[in-house]
Amino acid sequence: MTRGKPASVGYWLFKTEPSAFSITDLKNRKSRTEHWDGVRNFQARNFMRDDMRLGDLGFFYHSSCSDPAIVGIVEIVRTGYPDFTAFDSKEPHYDPKSTPQRPLWYMVDVHLKRELREPITLRELKAQPALADMRLLSRGNRLSVMPVNLQEWEYILGMDHR
DNA sequence: GCCAACGTTGGC
DNA sequence: GCCAACGTTGGC
């Protein structure tokens with residue numbers, strides 16, 4: 001947006017535990033659109049609140065399961081806005097420090113573009129020298145929402161053509 | 001279930 | 001502001 005440069009698409013990775021919310025769950029939604037709520041980490045929040053733009057794309061990643069893998073591609077269809085699930089004491093991620101007047105946590109809405117032909121497993125990702133610096137693979141990285149750079153994005157899309 | 005790698009909290 | 005204790009994440 002600055003200095004007349006064309007807006008560039010940003011790329012992201014969204015982690016989810018399939019036992020809680022899987023790509024099948026998202027596929028079965030009539031709208032195939034979902035609030036990415038419940039993120040309670042400041043760095044991940046900042047990415048959603050400050051950096052994601054309409055039309056940005058993201059990998060949908062299954063974590064904490066028998067075969068962690070990228071399984072689909074989503075598009076950002078609504079940029080950061082207050083995560084209202086934080087306001088509700090009945091919600092699992094309720095946080096009394098966040099109020100409608102002073103929201104602490106933010107979310108975006110994502111829309112499922114497509115499933116990958118086959119999941120690209122964590123194991124396969126780790127085997128690619130081209131992805132050695134990928135944030136997902138960095139030691140001890142536990143962010144549930146993180147950026148992916150263009151080179152990584154394109155390389156991984158290429159892996160989908162098997 | 002284990003454990004490394006964090007992030008958060010709270011006493012000082 | 002420091003830092004130890006604690007809780008969580010997530011691969012294995």
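Below, chain A is the first sequence line, B the second, and so on; all start at residue 1.
At a cut-off of 3.5 Å, with distance as the only test, a side-chain donor of A:H111 or A:T33 sits close to an acceptor on the other residue.
Taking the 5' to 3' direction, DNA chain C first and last meets chain A under 4.0 angstrom from a heavy atom at C:dG7 to C:dC12.
Counting only residues at least two apart or in different chains, salt bridge (Lys or Arg N to Asp or Glu O under 4.0 Å) contacts with residues 81-100 of chain A comprise A:R40-A:D83, A:D88-A:K90, A:D95-A:K97. Residue pairs meeting the ring-ring contact (aromatic ring centres under 6.0 Å, His included) criterion with at least one partner in residues 53-75 of chain A, sequence neighbours excluded, are A:W36-A:F60, A:F59-A:W153, A:F60-A:H62.
Looking at A:N28, its side chain does come within 3.5 Å of a backbone N or O of A:T24 through a donor-acceptor pair.
In this structure, A:R45 is not positioned above the aromatic face of A:F47 in the sense of NZ or CZ being under 6.0 Å from the six-membered ring centre and within 45° of the axis.
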